[in-house]
Chemist: 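Pasting in a structure now, in C-alpha cells, and then I'll have a few things to ask.
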Amino acid sequence: MRDRRVVLLWAGFAVTALVSTLLVLRREDRLSDLHIYYGALADLRAGRPLYGYVAENGGPFTYPPFAALALWPITVVPEGVAQAVWLLATYAAVVAVAVPVGAALTAGRSRRALVVAAVALGLLLSAPVQSNLRFGQVSIFIVLAALLDGMGVVPARLRGILVGVAAAIKLTPLLFVVYFLATGRWRDAVRAVAAFVACAGVAAVVLPGESWTYWAGTMLETSRIGNLASLGNQSVHGMLLRVGVDEAALPLVWAALVAAICAVALLRARHLAAHGRPGHAAVLVGCATVAASPVSWTHHQIWPVLAAMLLIGLSGVARRVAGVALLVTMVVSLGAVLSPISTRPGVQFLFENARTLGVCLLCLAGFGGVAVAATRTARTAAPRRAWLRVGVAAAATLAFFAVQPLPAGADPTFKAYGLDDVVNPRYFFVCRGPAECAAFGTGAPVTFGTRVEKTKVRVNGVVAPRVARLAYYSAPGGAPREIPLLAAYPGTRTFSFRSATMAHGRLVAYAADGQPIATYDEELAAAFRVDRP
C-alpha cells in the first residue's frame, strides 16, 4: 500500500511548483537570465558578437562559448515557449537531484521514496532553487550533471564526461577533476578533461571569434557579472570584498584561503568516498566550488542545501543542529529577517554572511568522516550533554561576533538611496519639498541630519552648488562609497544613505576638479555618540 506521507509530499511539491510558476510569470523581469541567453543567441544568429550583447537590464552573456552551442535549441521556438519548457525542465532537474541524494541519505528501500519526496520538496522551497526559477538559470542542471558524475551513478565507461561538459558551460565543476584524481579515479579525470577540451574545441571551430574573445580576456572580466561586493555574492571572494581587504592584497588573500578550503574539503571528500559515502563526498566538493568561485550568487548555492539535508540525516545532535541551521540560512535571508534584533554591527555582519561562513565551515569540518556511520548507542548517548555543547558553541559564536567592530571598509548595511526613494520620509527626513530643502541649506558645502536606529544610522541632507561629488568612508582604510546627488527639486540637490555605524565614518565633499572641499567626521561620530547609548 502506498505511503500517504509520500503522496502528501509530492502533492506539496506540485502545489509549490504551481505557486512558484505563477509568481515567476507575474514578474515583469521573469526569467531574466534566460532572456539574456535568448537575446544573445539571437544576436549571434544575426551576425552580431555574442559578448557584445547587453540586455535591457544591463546583463551581458558571461558563459564560455560552448554554452551558446548548448543553449542554441532555445532559439528555435518563441521565447514564451522556451520559458515554459525551461521551468518544466527545472522542476524535473530538482526531482532528478533528489533521487541520488535520497539514496545517500538512506540505504533502506522502504524509506527511500519518502526521503526522495522530502528532499525534492525541501529543495524546491530553498532560496537557490527559487532563484533558479526566477532568473531561468542553468545552475540546477550544472549541479545535476556534477552530482551524477561525482557519485558514480552513470555507467563506469562514461564517468567524467558529464563533469567535462558541465565545466565547458560553467567553469566551476573543474574542481571535480581534482577530486577524481584525489580518489584514484584516474580514468574519470582523463575523460572529464577530454570532454572539456573537446567541447571547447567544437566551440572554437564553430565560433572562433567568440572563443578568442572569451578565453583571451572576457573570462577574467568578473565586473561584467555585477557588483561582486553585494550580499548576493556569498563566496569567499565576495565576503573579502565586504570586509574591505586592501585591493592589492585581495588576490593573494583570496587565493590562499580558497586553496586551504579546497584542499581540506578534497581530503575529507576522499575520506568519505573511501568509507562508502560517495554522495556526501560529491556534495562536499560541490560546496567547495561555491566557496572558491569568485562569484556565487544565490542560484549557485544549491550544493549547501544538499549538504544541509545530508547533515540532518546523520547521527549526532551537533550534526543535525548544524544541518538545520545551514538549511535555515539557505531558505531565509538572515541578514534581512534578523536585522531588527542584530543590534551589534558584528552580529549583523555574521547574519549577512551566514551562507559564506556556513559553507566554509562545512568544507573544513566535512560531515564527520567515518563518524557518519556511528552506531545506535553513540546516537543516543548523553543527549543532554550534546545539546549543552551545541548551545554553548552557538552562544560563544554570537558573543564573539557581538564584540567585534566592523573591519575597515566593511559596511554590510550600507545603502545609498535614489530618486525613487525621495518620497519615503524614513529615508528623506530633513526636508520635504523644494521650499523646505532650499531653506535647509546653510551655505556650507554639505548640510545634513542624522537618524539612529537599532542596526543602522541614516544620513540625509543637501549639498551646495559647488559640490560635484560626495563620498562616504565607513572606516579608516576602507574604500569610498559614492553617494548619489539627487536633483529632486529645482535648484536643490539632496542625498540620503544608511550605514551600520558612524563611529568612524567620514563624509567628504569634492569639487569639480576632484579636490576635497569639506570633510565631516567629528559631526558624524558626535551624532552617533549622542543618539546611541
Side-chain angles (χ1 to χ4, degrees), residues 17 20-94 96 129-146 161-162 164-173 195-219 221 224-226 295 297 299-300:
S20 299
T21 301
L22 293 176
L23 291 175
V24 167
L25 296 180
R26 287 185 60 186
R27 298 181 61 91
E28 292 185 7
D29 62 341
R30 59 182 176 271
L31 289 86
S32 55
D33 285 354
L34 181 62
H35 176 70
I36 292 174
Y37 310 154
Y38 196 92
L41 294 178
D43 268 19
L44 186 60
R45 294 182 67 172
R48 291 183 286 271
L50 177 67
Y51 296 104
Y53 173 79
V54 178
E56 295 86 344
N57 64 358
F61 189 86
T62 59
Y63 298 143
F66 179 74
L69 299 182
L71 292 167
W72 196 269
I74 68 174
T75 63
V76 302
V77 296
E79 187 174 358
V81 175
Q83 289 178 345
V85 172
W86 194 275
L87 289 174
L88 291 174
T90 300
Y91 294 127
V94 170
V129 171
Q130 287 296 316
S131 184
N132 270 261
L133 292 167
R134 171 186 170 186
F135 293 110
Q137 255 291 330
V138 300
S139 298
I140 183 68
F141 306 109
I142 301 297
V143 168
L144 175 60
I161 294 177
L162 286 178
V165 174
I169 297 173
K170 206 163 192 173
L171 298 177
T172 51
F196 174 76
V197 173
C199 291
V202 170
V205 172
V206 179
L207 303 171
E210 280 68 25
S211 294
W212 175 259
T213 298
Y214 181 82
W215 297 112
T218 300
M219 176 180 67
E221 296 177 5
R224 286 165 50 88
I225 304 174
V295 186
W297 302 125
H299 55 76
H300 297 147

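Given the structure is predicted, the values throughout are model-derived calculations rather than measurements.
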Chemist: Might you work through the side chain to side chain contact (heavy atoms under 4.5 Å, CB included) test for S139 and K170, ending with a clear yes or no?
Modeler: CA-CA 9 Å; S139 298; K170 206 163 192 173; 3.3 Å; yes

Chemist: The criterion is side-chain contact (heavy atoms from CB on, under 4.5 Å); which residues satisfy it with R134, sequence neighbours excluded?
Modeler: R27, D29

Chemist: Distance-only, no hydrogens or angles: does the N132 side chain make a donor-acceptor pair with backbone N or O of I140 under 3.5 Å?
Modeler: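 The answer is yes, because a donor-acceptor pair under 3.5 Å joins these two groups.
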
Chemist: Name all pairs fulfilling the side chain to side chain donor-acceptor pair (under 3.5 Å) condition that reach into residues 196-213, sequence neighbours left out, sorted by first residue then second.
Modeler: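 Those involving residues 196-213 do not exist here.
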
Chemist: Where is the tightest heavy-atom contact between A55 and H35, given as atom of each residue plus distance?
Modeler: CB-CD2, 4.4 Å

Chemist: Tell me every residue that passes ring-ring contact (aromatic ring centres under 6.0 Å, His included) with Y91, counting only those two or more places apart in sequence or in another chain.
Modeler: none

Chemist: Identify the heavy atoms of A145 and L162 that sit nearest to each other, and give their distance.
Modeler: O-CB, 3.7 Å

Chemist: Could you measure the distance from the CD1 atom of I74 to the CD atom of E79? Nearest 0.5 Å is fine.
Modeler: 8.0 Å

Chemist: Which heavy atom in A168 sits nearest to a heavy atom in F196, and how many Å separate them?
Modeler: N-CD1, 3.6 Å

Chemist: Assess, by modelled atom type and distance only, whether the side chains of Q130 and S20 contain a donor and an acceptor separated by less than 3.5 Å.
Modeler: yes

Chemist: Determine, stepwise, if the pair T62 / V295 fulfils side chain to side chain contact (heavy atoms under 4.5 Å, CB included).
Modeler: CA-CA 12 Å; T62 59; V295 186; over 6 Å; no

Chemist: Please report the shortest heavy-atom distance between F135 and H299, naming the atom on each side.
Modeler: CD1-CD2, 4.4 Å

Chemist: If you apply the rule side chain to side chain contact (heavy atoms under 4.5 Å, CB included), what do you find for D43 with L50, and how did you get there?
Modeler: CA-CA 7 Å; D43 268 19; L50 177 67; over 6 Å; no

Chemist: Name all residues meeting the side-chain contact (heavy atoms from CB on, under 4.5 Å) criterion together with V77; count only those two or more places apart in sequence or in a different chain, and write none if there are none.
Modeler: V81, A82

Chemist: Can you measure from CZ (R45) to CH2 (W72) and round to the nearest 0.5 angstrom?
Modeler: 5.5 Å

Chemist: Tell me every residue that passes side-chain contact (heavy atoms from CB on, under 4.5 Å) with L88, counting only those two or more places apart in sequence or in another chain.
Modeler: none

Chemist: Among all residues two or more places apart in sequence or in another chain, which pass the ring-ring contact (aromatic ring centres under 6.0 Å, His included) test with Y37?
Modeler: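 Partners of Y37 under the ring-ring contact (aromatic ring centres under 6.0 Å, His included) test: Y63.
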
Chemist: Calculate, to the nearest 0.5 Å, the distance between atoms OG1 and CZ belonging to T21 and R26 respectively.
Modeler: 13.5 Å

Chemist: Mind listing the closest non-hydrogen atom pair of A68 and L207 along with its distance?
Modeler: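 So the minimum-distance heavy-atom pair works out to CB-CD1, 4.2 Å.
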
Chemist: Please report the interatomic distance CG(L69) to CG(L41), rounded to the nearest 0.5 Å.
Modeler: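 Answer for the CG-CG pair, L69 versus L41, is 9.0 Å.
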
Chemist: Under the 3.5 angstrom rule, does the side chain of R30 hit a backbone N or O of L25 as a donor-acceptor pair?
Modeler: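 Looks like yes, one N/O pair under 3.5 Å.
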
Chemist: Check whether the ring centres of W86 and F141 lie less than 6.0 Å apart, and answer yes or no.
Modeler: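 Between W86 and F141, the centre distance is under 6.0 Å.
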
Chemist: Run the side chain to side chain contact (heavy atoms under 4.5 Å, CB included) check on Q83 and Y38 step by step: do they pass?
Modeler: CA-CA 10 Å; Q83 289 178 345; Y38 196 92; over 6 Å; no

Chemist: Does a side-chain heavy-atom distance below 4.5 Å link L133 with L23?
Modeler: no

Chemist: Specify the closest pair of heavy atoms between W215 and P64, including all atoms of both residues, with the distance to one decimal.
Modeler: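 That would be CZ2-CB, 4.3 Å.
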
